[in-house]
Peer 1: 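Handing you a structure now.
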Amino acid sequence: MMNLCELSCGQRARVLSVRAETLIGRLSALGVYPGARLTLLKRSPLGHTYLIASEASRVALAREIAREIEVCSA
Amino acid sequence: MLGVVLLVGNPNAGKSTLFNRLAHGHAHVGNWHGVTVDALEKQAVIGGRPCTLVDLPGIYTTEGRSMEEKFAARYVAERPSAAIVFVAECAGLSRTVPLMHALTAGRRKCMLVLTKRRRFEREGGRLDPDGLRRCLGIPVLFAEDDVASAVGKLLDGPLREVPLADMGGLVSLPSEQLGRFDRFLLNGFFGLFFFVALLLAVFFVTFFSGMPGDLLKTLVEEFFTVTLAGYAAAIPSPVVRSLVSDGILMSLGSVLSFLPQIALLHFFLIVLEESGLMSRLAVLTDGLLSRIGLSGRAVFSLLMGFGCTAVAVTTTKGLDDKRMQRRVILCLPYLSCSAKLPVYLTLSASFFENAFAAALLLYGAGVWLALIAALYLKEKTPPLVMELAPLQFPAPLFTLKSLLFQIKQFIIKVATVVLAFFLFSWLLSSFDPSFALCTVENSMLARICRPLGCLFAPVGMGDWRIAYAAISGLIAKENVAGAIAMFYGAFPYPPASAFAFSVFMLTCSPCVSAIAATARELGAGRALLYAAAQTLSALLACYLVYFLLTGSVAVTLPALLFCFTAFYGIHEKVHRHDRHHAQRIYRDRLRTGGARASRALKGPRSARQRRKGGRGLPLAPGR
């Protein structure tokens, strides 16, 4: 088990849990919810922002939030 | 009773575009989230049926945490008999289905319009509309279809409930890889280089002399102040001649000369946003700028501040949130606009051998002040969660329409106010108290300035003409240089006074056009407050710099102490205000069940808090 920050670019993963409680609804609307598949597309140059592709959309996430998303490689 | 049709969907799904098409309206449309922040209602005849069409802010889920989402969800819940037209982009359909399910739980008239089909199919996505119709049990159309007549039929249609359907097989999504352009734009080196070059190019084209923006500005000015004023010179009566050429034509010329640059800048802004470039810039710069509480989009407005503060203020509309907009507007005056350059050059001739180096020093000091202001006002911004808007070529018609809308707004809300102020100041500076035409020295404005002369007495310039120059800077900054040249020729005071006055010019309130633009964005009260606070702090800074330069320690030390105390006091006040703000949000969340009450909040509240709390969000009926 690891969090989204630990994925390498281009790696596919499956979401296990989302701990950022206030954002659960918003994230699931963007396609990030337990069970969803996603791909880490890119880390921003400063490593502060993570760009992921979910089934629904492309989403940019701050590191604080990416850290709260548990994934396993798929 | 008139039917009501609500447009509901995720942010940036294309609701406002559809709204404009159905109601022939001019709702502001943008390629980023949260363009619509209020319900936009319009009476329209759609598909032969008169009805009220409502454009709601974007909503992801009914439990959404943002103000807009809460507002939209409540709006829908309060109108059970209204028909809903769900708007979803083809690629985002899977996240709209749960929303449709939640909102139609009590059965209502509804249909689905799918937008952005072309891009979806170009990227390799496929979608089966007939299958969707069967699967969801409601009418499903593409935005290109005849939506109007479908909406007309919907008003007489049956009540339906959308099931939480599994759409596997009906929708296949485009590839997940980043496109070639995106890899380039989001590359730390090339992307940043590209955006810096792009923003500098925008600045160059808009503000540099000889470039389209400046050329058009000069043309407009010359048309009013030379061509038309030439005709006015033939008027026999001196009073009417002065009114027409110095009053009306001069004012019109100065106000309307803003238009070309405003149009150009807003054109670039709309193109950047529509094309999706702005969201790339936001991703690229988020880590860096969030440290000073700003976003990539704010950088656009700040950079344009070097050209013209008033124009830059108008571009802050649509910034991520209102509080950030306020911070940007507060920082803007410190970024010296192009009209301040002649003032710096005039003044610096007396305190620096190389006038250009002195101007550069003042520009640099301004940037530092803006940075300090940004850091000082910084608030904790919520961490970034943003959908990356797709790259696309901006639609020419929409670009044109939003541009015209912006220009119209500027003329109605800003130009009229500024024009009135200009005419008033012409009246004050051309007449003596008995309303007879006179020279500047005897005018009413000069009389008003005489007591104000003492303001600059501490820095060795107790002359009313300096106060007059400073006040004329309120109309336009370049007037300060003009006034000094008119009264003195060359600036007559010693270097320390000149430098102190430069610092005053650098930090004082922006011109009246910028104040009017701020009033349009943040309200007149706040705009005036900012202007007053900036002018006051500029006076203090001016004194401080003078005392530091002349080295009178006995005065400097108490002055520094006073400034520090004032600074600390304001900081405390801002800080306390923020805490109240946070608690208010928390209380609102408590009411909507978003958070559990903690012990700390159950204690007695102060009278001030109670008063504020009492004016919170009204509760929806039935909750």
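Letters A, B, ... are given to chains in the order of the sequence lines, protein chains preceding strands, and every chain is numbered from 1. Computed from a prediction, not measured in an experiment: that's the story for all the values here.
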Peer 1: If you take all heavy atoms of A:K42 and B:L186, which pair is closest and at what distance?
Peer 2: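 Heavy atoms only, the tightest pair is CE-O, 2.9 Å.
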
Peer 1: Is atom CZ of A:R14 surrounded by more than 12 heavy atoms (other residues, nucleotides or ligands) closer than 6.0 Å?
Peer 2: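 Open.
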
Peer 1: Which heavy atom of B:V283 sits nearest a heavy atom of A:A60, and at what distance?
Peer 2: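 Shortest heavy-atom separation between B:V283 and A:A60 comes out as CG2-CB, 3.6 Å.
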
Peer 1: Which answer fits A:I65, side chain, backbone, both or neither, if we ask what part of it has an atom under 4.5 Å from a heavy atom of chain B?
Peer 2: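 Interface part for A:I65: side chain.
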
Peer 1: May I ask you to check whether over 12 heavy atoms, not counting those of B:F190, lie within 6.0 Å of atom CZ?
Peer 2: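 Not more than 12 within 6.0 Å, no.
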
Peer 1: For A:T49 and B:M386, what are the C-alpha separation, side-chain angles and deciding distance, and is it a side chain to side chain contact (heavy atoms under 4.5 Å, CB included)?
Peer 2: CA-CA 10 Å; A:T49 312; B:M386 187 185 70; over 6 Å; no

Peer 1: Is there a side-chain contact between B:L388 and A:L51 (heavy atoms, below 4.5 Å)?
Peer 2: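 Sidechains of A:L51 and B:L388: in contact.
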
Peer 1: Look up atom CG in B:D286 and atom CZ in A:R63, then write down how far apart they are to the nearest 0.5 Å.
Peer 2: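 Between atom CG of B:D286 and atom CZ of A:R63 there are 10.5 Å.
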
Peer 1: Can you tell me which portion of B:D182 sits under 4.5 Å from chain A's heavy atoms? Options are side chain, backbone, both or neither.
Peer 2: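 Only the side chain of B:D182 comes within 4.5 Å of chain A.
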
